[in-house]
Amino acid sequence: MDLHHVLTLLTPTSWLFDEPLARHTTFKTGGPADALALPASEYEAVALINALQKSGIRHMVIGRGSNLLFTDAGYRGVIVKILDNMSDISFADDVITAEAGCSLSAAAHLSMKRGLSGMELISGIPGSVGGAVYMNAGAYGSEVKDVFLDAKVLLTDGSVVTYDNEAMKFCYRKSAVSDRGGVILSVRFKLFFGRSENIIQLMTEYTRRRKEKQPLDKASAGSTFKRPEGFFAGKLIEDAGLKGYSIGGAQVSEKHCGFVINKGDATSTDILRLIEHIQNTVLKQFGVMLEPEVKLIAGS
Ligand SMILES: Cc1cc2nc3c(=O)[nH]c(=O)nc-3n(C[C@H](O)[C@H](O)[C@H](O)COP(=O)(O)OP(=O)(O)OC[C@H]3O[C@@H](n4cnc5c(N)ncnc54)[C@H](O)[C@@H]3O)c2cc1C
């Protein structure tokens with residue numbers, strides 16, 4: 001029996017084999033994964049991930065792929081994608097329960113329609129709820145931590161536990177799950193009732209700011225680097241004279257130097273080489289080592 005058969009026997013989950021990861025990342029680069037699974041429910045996700053864990057098959061969970069850079073060699077193992085396939089959402093008073101694959105922006109927009117406030121500033125982050133909690137995604141001084149109530153998490157020993165805000169140990173672009181491993185299955189956010197007009201106004205204003213400042217018409221993974229203590233990555237890159245600098249199809253955005261963009265035909269190697277070039281140039285000129293915010297995933 002080959003790997004395909006073993007995998008398809010694990011659960012009724014949908015499978016794609018030799019699937020190009022460029023189709024599953026916002027950078028639109030990355031070679032093929034041996035297999036990509038799309039569990040249709042929490043039950044399927046738990047069964048599948050526990051089976052992969054027990055069989056010792058290399059695997060990784062992704063959401064929208066909006067903070068990931070896979071190499072051109074792809075990924076030897078199984079990618080478990082939790083996005084539209086697991087995206088139910090429900091409301092009870094001022095608490096939202098969202099499956100991990102629900103988009104953060106959909107959760108924010110549906111909340112807005114119910115007059116619920118709290119997610120306006122983070123509503124433009126293009127990831128899934130699971131990816132946003134994992135990363136403690138944030139924008140304009142607000143972060144997921146501010147509205148997070150608790151989450152159901154599948155641990156590596158196969159148990160499912162509930163982590164509250166304290167247990168999640170959020171800090172800058174980090175959480176207990178990014179530190180210790182585990183899979184976020186669903187999340188509860190605690191919002192508060194506000195005036196619909198104010199919520200809409202705030203969301204519109206922050207969407208406008210994003211469109212004005214960020215190259216949203218180009219493939220990217222958002223800010224390529226973490227904010228270095230006491231500096232802004234984009235400003236350092238611009239001051240180093242790298243605005244518009246290209247390697248192959250990868251370019252430092254002319255609109256926002258903190259973003260590396262794919263001009264259309266970039267490979268992951270182009271992007272990686274450009275990231276290294278930016279790091280070396282900024283280190284040489286300003287003595288600051290930029291640390292990638294984008295997660296670089298090894299092929300094997
Ligand atoms: C145009 C653009 C703008 C952006 N703006 C912002 C911004 O303002 N602020 C910000 O913080 N980020 C921003 N980002 C980056 C990105 O959207 C966030 O980091 C987002 O939270 C990633 O979510 P995702 O679903 O895409 O996760 P992925 O990129 O798919 O995965 C990121 C990490 O989360 C893990 N993960 C994903 N889902 C789960 C799960 N269910 N359980 C456990 N682990 C999981 C993955 O294993 C991986 O390690 C931007 C990206 C783009 C393209």
Side-chain angles (χ1 to χ4, degrees), residues 21 24-30 36 39 42 45-46 48-49 59-70 75 77-87 98-108 119 121-146 148 151-156 160 163 168 170 172-187 206-207 209-211 213-227 234 253 255-256 258-262 292-298:
L21 289 166
H24 303 276
T25 59
T26 54
F27 253 140
K28 297 194 193 319
T29 66
L36 185 142
E42 183 180 311
V46 170
L48 168 68
I49 293 160
H59 61 281
M60 171 180 180
V61 172
I62 68 167
R64 173 126 6 243
S66 63
N67 202 42
L68 294 176
L69 181 62
F70 288 100
Y75 185 86
V78 176
I79 296 291
V80 180
K81 180 166 172 172
I82 298 184
L83 199 61
D84 307 337
N85 45 314
M86 241 178 88
S87 58
E99 281 191 310
C102 178
S103 89
L104 191 66
S105 140
M119 292 182 112
L121 275 57
I122 56 171
S123 64
I125 299 173
S128 65
V129 158
V133 169
Y134 179 100
M135 296 293 303
N136 188 23
Y140 305 109
S142 175
E143 51 188 7
V144 162
K145 174 184 190 281
D146 303 336
F148 176 90
K152 236 196 242 184
V153 180
L154 169 64
L155 300 181
T156 44
V160 175
Y163 277 0
M168 202 49 101
F170 288 115
Y172 180 65
R173 302 297 173 263
K174 272 165 74 160
S175 65
V177 179
S178 65
D179 279 349
R180 294 188 219 136
V183 176
I184 298 153
L185 299 167
S186 64
V187 179
Y206 282 94
T207 306
R209 284 196 200 187
R210 254 178 210 276
K211 280 192 186 144
K213 294 263 156 56
Q214 301 182 359
L216 298 183
D217 55 332
K218 298 286 189 311
S220 80
S223 297
T224 313
F225 300 99
K226 291 187 178 163
R227 195 180 54 232
S253 165
K255 194 165 182 185
H256 187 320
F259 280 52
V260 166
I261 57 163
N262 174 355
E293 178 167 322
V294 173
K295 292 174 103 45
L296 317 173
I297 311 298

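Counting starts at 1 for both ligands and their atoms, in listed order.
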Q) Considering only protein heavy atoms, which is closest to atom 32 (C) of ligand 1, and at what distance to one decimal place? A) L68 CD2, 4.1 Å
Q | Atom indices of ligand 1, in the order listed, that fall short of 4.0 Å to a heavy atom of I62 | A | 30 (O)
Q.
Using a 4.0 Å heavy-atom cut-off, which part of S223 comes near ligand 1: side chain, backbone, both, or neither?
A. neither
Q | Per-residue contact class, T25 against ligand 1 - non-hydrogen pairs under 4.0 Å | A | neither
Q: Could you tell me whether the side chain of N85 and the main chain of L83 form a donor-acceptor pair under 3.5 Å?
A: yes
Q.
Only heavy atoms of R173, strictly under 4.0 Å: list the atoms of ligand 1 that pass.
A. 11 (O)
Q. Which residue owns the protein heavy atom closest to atom 13 (C) of ligand 1, what's the atom, and how far is it?
A. I125 CG2, 3.9 Å
Q | ligand 1 contact on A100 by region, counting heavy-atom pairs under 4.0 Å | A | side chain
Q: Determine whether more than 12 heavy atoms belonging to other residues, nucleotides or ligands lie under 6.0 Å from atom NZ of K255.
A: yes
Q: Number the atoms of ligand 1 from 1 as they appear, then name those within less than 4.0 Å of a heavy atom of S128, with their elements.
A: 23 (O), 24 (P), 25 (O)
**Q.** Proximal atoms of ligand 1 relative to V183 (non-hydrogen, under 4.0 Å)
**A.** 42 (N), 43 (C)
(Q) Please list, in number order, the atoms of ligand 1 under 4.0 Å from a heavy atom of G130. (A) 38 (N), 39 (C), 41 (N)
Q. Can you tell me how far the CD atom of E42 sits from the CG atom of L154, to the nearest 0.5 Å?
A. 9.0 Å
Q | Protein contact to atom 49 (O) of ligand 1 [nearest heavy atom, distance to 0.1 Å] | A | K295 CE, 3.1 Å
Q) Is Y172 reaching over with its side chain to a backbone N or O of R227, donor-acceptor style, under 3.5 angstrom? A) yes
Q) Can you name the ring pair (Phe, Tyr, Trp, His ring centres under 6.0 Å) partners of Y163, sequence neighbours left out? A) none
Q) Which of the atoms of ligand 1 are close to M135, meaning less than 4.0 Å from one of its heavy atoms? A) 19 (O)
Q: Please confirm whether E143 comes under 4.0 Å of ligand 1, counting heavy atoms of the residue only.
A: no
(Q) Are the side chains of F27 and V294 in contact, using a 4.5 Å heavy-atom criterion? (A) yes
Q. Rounded to the nearest 0.5 Å, how far does CZ of R209 lie from OH of Y140?
A. 7.0 Å
Q. Where the side chain of S175 meets the backbone of Y134, is there a donor-acceptor pair that is under 3.5 Å apart?
A. yes
**Q.** M135 side, atom CE; K174 side, atom NZ - distance, nearest 0.5 Å
**A.** 11.0 Å
Q. Quick one: nearest non-hydrogen protein atom to atom 52 (C) of ligand 1, plus distance?
A. G222 N, 3.2 Å
Q) For N136, does its backbone N or O pair with a side-chain atom of R173 as donor and acceptor, under 3.5 Å? A) yes
Q) Which residue supplies the protein heavy atom nearest to atom 26 (O) of ligand 1, what is that atom called, and how far is it? A) S66 OG, 2.5 Å
**Q.** Ligand-side contact atoms (ligand 1) for residue partner L216, heavy atom cut-off under 4.0 Å
**A.** 1 (C)
**Q.** Separation of T26 OG1 from L216 CG (nearest 0.5 Å)
**A.** 11.0 Å
Q) In the protein, which heavy atom is nearest to atom 9 (N) of ligand 1, and how far is it? A) G138 O, 2.7 Å
Q. Short list, please: which atoms of ligand 1 are under 4.0 Å from a heavy atom of A139?
A. 8 (O)
Q. Listed by chain and number, what are the ring pair (Phe, Tyr, Trp, His ring centres under 6.0 Å) partners of F259, not counting sequence neighbours?
A. H256
Q: Using a 4.5 Å cut-off on heavy atoms from C-beta on, say whether the side chain of L21 contacts that of L36.
A: yes
Q. Is G124 near ligand 1, meaning one of its heavy atoms is under 4.0 Å from it?
A. no
Q. Any N or O of R64 that comes nearer than 3.5 Å to an N or O of ligand 1?
A. yes
(Q) For ligand 1, which is the ligand I care about here, please tell me if G65 has any N or O atom under 3.5 Å from one of the ligand's N or O atoms. (A) yes
Q: Do me a favour and list the nearest non-hydrogen protein atom to atom 5 (N) of ligand 1 with residue, atom name and distance?
A: R210 NH1, 3.2 Å
Q. Considering only heavy atoms, does I184 approach ligand 1 within less than 4.0 Å through its side chain, its backbone, both, or neither?
A. both
Q. What protein heavy atom is closest to atom 39 (C) of ligand 1, reported as residue, atom name and distance in Å?
A. V61 CG1, 3.8 Å
Q) How long is the span from the CD1 atom in I297 to the CD1 atom in I79, to the nearest 0.5 Å? A) 8.0 Å
Q | Rounded distance [0.5 Å steps], CE in M168 versus CZ in F148 | A | 3.5 Å
Q: Before signing off on this row, confirm whether T26 and ligand 1 have an N or O atom pair separated by under 3.5 Å.
A: no
Q.
Please compare S175, G127, A219, G63 and report which has the shortest non-hydrogen distance to atom 30 (O) of ligand 1.
A. G63
